[in-house]
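Read the structure below first, then the notes.
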Amino acid sequence: MNVYDSARMRDALAVHGFTETDSVAKADVVLLNTCHIREKASEKLFSELGRIAREKKKSALVVVAGCVVQADGAEILRRSQLIDIAIGPQNYHLLPELIERHNRQKGRILKADFPAESKFDFLPTPQKSAAAAFLAVQEGCDHFCSYCVVPYTRGCEYSRPSSEIIKEAKALVKAGAKEIMLLGQNVNGWHGDKGKDLGDLIRELAKLRGLKRIRYTTSYPSEMTQNLINAHQDTPKLMPYIHLPIQAGSNRVLKAMNRQYTVEQYEKIVAAFRKVRPDIAISSDFIVGFPGETEAEFEETMELVKRVGYASSYSFKFSARPGTPASLMKDQISEDVKTKRLMKLQALLLKQQKAFNESFIGKEFDVLLTEKGKERGQLLGYSPYMQGTIVKAPTKMLGEIVHVKVVAASATALKAELLKG
Ligand code: 5AD
Ligand code: SF4
């Protein structure tokens with residue numbers, strides 16, 4: 001979502017004559033987007049600001065955007081004199097205006113409220129796109145998991161109407177997108193049109209001729225509909241991959257996390273996906289060391305992972321985020337125990353990921369080549385199952401979908417050969 005947000009801020013600034021540069025030294029405005037989800041992500045802000053201070057032109061404006069601003073805007077402005085403008089996630093459409101105001105008045109600006117208007121109504125339609133593009137269809141979250149800052153930083157759930165989404169998708173395709181990843185903190189809760197769900201929206205988008213692949217992330221288990229599950233069977237452009245975070249394998253822990261489903265319900269949803277699409281790749285997020293998590297409860301997570309069999313996953317130590325109920329719970333788990341549990345879980349997840357990847361040796365599929373590889377003559381892309389895939393191919397094939405055969409696999413990537421194209 002942050003990558004998408006940065007692109008939309010770039011688009012908003014482009015209308016006012018700005019062009020993008022990777023060089024901090026050359027920039028007139030340095031834009032730093034931030035994430036507040038875990039402590040480690042937030043801490044990066046100040047080390048990045050140090051680097052920017054050393055590299056930037058004296059006259060360059062420094063803008064900090066994102067959820068850290070939403071949560072702690074006044075505090076970070078106090079802590080770093082370098083910041084000229086701090087802007088929260090719901091105000092990005094105002095960025096050009098704020099830069100202009102700053103240039104006129106020279107005062108530092110904090111803009112982190114939740115305006116009545118939707119930024120999406122004001123942000124310009126994208127003129128640039130990567131071959132694999134992002135498109136936000138839903139933002140914010142009403143779930144209030146007890147550990148999570150998102151409902152406070154991104155605000156309550158908002159779904160964009162399909163007319164707006166289709167307009168943006170058409171612009172992305174015109175600008176070169178072949179794949180679109182639909183984004184939302186709670187994407188399968190999308191309800192932008194009355195009586196329609198994400199499955200219906202995906203079928204609509206699949207009608208766009210230039211669009212070849214559709215993905216979506218992140219889904220909330222108990223909001224999954226059979227209609228969306230069925231789309232994985234009846235809509236070939238929808239890729240066989242679902243990111244479905246369970247977070248923990250113990251019903252007591254799930255309840256304490258305020259997750260509104262049980263392990264049994266989760267596994268039923270997984271079975272429903274596999275029924276319509278037996279080859280579907282499933283991934284999840286996990287949190288270890290939630291307050292009060294016992295060794296036995298952690299082992300329930302390990303058992304759940306063994307039963308489900310994941311293609312890939314993200315796993316984190318519980319991070320006590322200020323303002324969340326879980327940060328105040330008793331029985332916080334020590335760092336040592338969290339580290340031990342995380343290492344054990346990650347070893348299992350990596351083993352599964354390796355086995356999943358190795359099961360593809362000799363198989364064929366299409367890859368959308370999105371970037372250059374480390375070595376000359378190599379391009380990188382994603383398989384339908386979201387595996388990073390290295391293909392020997394000339395640079396001119398960047399942005400193309402090619403048919404390949406897998407020749408080697410590791411835990412983190414596949415190697416494949418071009419079959420045609
Ligand atoms: N501590 C650890 N992990 C967290 N996540 C969200 N909040 C926290 C937290 N306080 C993880 C969840 C979520 C992912 C995006 O980040 O697993 O699915
Ligand atoms: Fe955070 Fe996701 Fe829970 Fe919403 S559903 S509160 S974004 S973890």
Side-chain angles (χ1 to χ4, degrees), residues 1-5 34-44 66-68 70-72 89-90 134 136-159 181 183-191 198 216-224 242-250 253-261 265-266 269 282-293 298 301 304-305 308 310 312-329 331-335 337-339 341-343 345-346 349:
M1 188 66 96
N2 275 358
V3 172
Y4 173 80
D5 286 344
T34 61
C35 176
H36 194 56
I37 193 97
R38 289 172 297 275
E39 204 176 338
K40 267 196 180 160
S42 287
E43 279 166 8
K44 284 190 188 151
C67 291
V68 176
Q70 195 61 48
D72 282 333
Q90 302 312 334
F134 294 121
V137 301
Q138 179 279 330
E139 200 183 349
C141 184
D142 295 340
H143 281 293
F144 288 91
C145 299
S146 59
Y147 51 80
C148 185
V149 290
V150 167
Y152 311 100
T153 53
R154 290 264 171 186
C156 57
E157 272 187 56
Y158 170 76
S159 291
M181 170 82 88
L183 299 176
Q185 270 82 37
N186 196 10
V187 73
N188 60 332
W190 178 83
H191 54 266
L198 189 68
Y216 59 96
T217 198
T218 289
S219 294
Y220 190 86
S222 56
E223 290 205 52
M224 199 46 89
I242 169 79
H243 184 58
L244 195 63
I246 187 168
Q247 310 296 356
S250 141
V253 173
L254 287 177
K255 202 158 181 211
M257 288 177 162
N258 195 30
R259 300 287 288 183
Q260 287 122 20
Y261 53 84
Q265 285 163 343
Y266 178 87
I269 298 163
I282 297 174
S283 71
S284 176
D285 294 343
F286 296 93
I287 297 176
V288 301
F290 187 80
E293 184 189 65
F298 168 68
T301 299
L304 176 273
V305 171
V308 172
Y310 287 99
S312 64
S313 281
Y314 301 93
S315 44
F316 315 101
K317 293 187 224 178
F318 168 74
S319 167
R321 307 306 289 130
T324 61
S327 69
L328 304 172
M329 287 177 185
D331 302 327
Q332 297 283 329
I333 307 292
S334 74
E335 213 40 43
V337 171
K338 282 190 214 171
T339 304
R341 289 181 188 170
L342 187 67
M343 284 171 67
L345 175 62
Q346 288 187 337
L349 290 169

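Throughout, residue positions are numbered sequentially from 1 according to the sequence presented. Order of listing sets the numbers, starting from 1, for every ligand and every atom in it.
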Show which atoms of ligand 2 fall inside a sub-4.0 Å distance from at least one heavy-atom site of [X].
X	answer
Tyr147	8 (S)
Cys145	3 (Fe), 5 (S), 6 (S), 8 (S)
Arg259	3 (Fe), 5 (S), 8 (S)
Tyr220	5 (S)
Pro151	6 (S)
Phe144	6 (S)

Look at the side chain of Arg321 and the backbone N and O of His36, then say whether any donor-acceptor pair between them is shorter than 3.5 Å. yes
Test your reading of the model: is there a side-chain donor-acceptor pair from Gln185 to the backbone of Gly140, 3.5 Å cut-off? yes
Measuring from non-hydrogen atoms of Arg154 to any atom of ligand 2, is the shortest distance under 4.0 Å? no
Protein contact to [atom] [nearest heavy atom, distance to 0.1 Å]:
atom	result
atom 4 (C) of ligand 1	Ile287 CD1, 3.6 Å
atom 6 (C) of ligand 1	Ile37 CG1, 3.4 Å
atom 15 (C) of ligand 1	Asp285 OD2, 3.8 Å
atom 10 (N) of ligand 1	Ser319 O, 2.8 Å
atom 17 (O) of ligand 1	Gln247 OE1, 2.7 Å
atom 4 (Fe) of ligand 2	Cys141 SG, 2.2 Å
atom 2 (C) of ligand 1	Lys317 O, 3.3 Å
atom 8 (C) of ligand 1	Tyr147 CD1, 3.7 Å
atom 1 (Fe) of ligand 2	Cys148 SG, 2.3 Å
atom 11 (C) of ligand 1	Arg38 NH1, 3.4 Å

Quick one, Gln247 with Asp285, criterion side chain to side chain donor-acceptor pair (under 3.5 Å). Give me CA distance, side-chain angles, the key distance, then yes/no. CA-CA 5 Å; Gln247 310 296 356; Asp285 294 343; 4.6 Å; no
Could you tell me if the ring centre of Phe318 sits under 6.0 Å from that of Phe286? no
Heavy-atom distance under 4.5 Å between the side chains of Tyr147 and Phe316, does that happen here? no
In terms of relative ring orientation, are Tyr220 and His143 parallel, tilted or perpendicular, with 30° and 60° separating the classes? parallel
Sub-4.0 Å heavy-atom contact, Glu39 with ligand 1: no
Less than 3.5 Å apart, any donor N or O on the side chain of Gln138 or Ser159 sitting next to an acceptor on the other? no
Just checking, any donor-acceptor pair under 3.5 angstrom between side chains of Ser283 and His243? yes
Out of Glu293, Glu39, Glu335, which residue meets the salt bridge (Lys or Arg N to Asp or Glu O under 4.0 Å) rule with Lys317? Glu335
Nearest heavy-atom pair of Ser146 and Asn258: which atoms, and what distance? N-CB, 4.1 Å
Ser222 and Gln260: CA distance, side-chain angles, deciding distance, side chain to side chain donor-acceptor pair (under 3.5 Å) verdict: CA-CA 7 Å; Ser222 56; Gln260 287 122 20; 5.1 Å; no
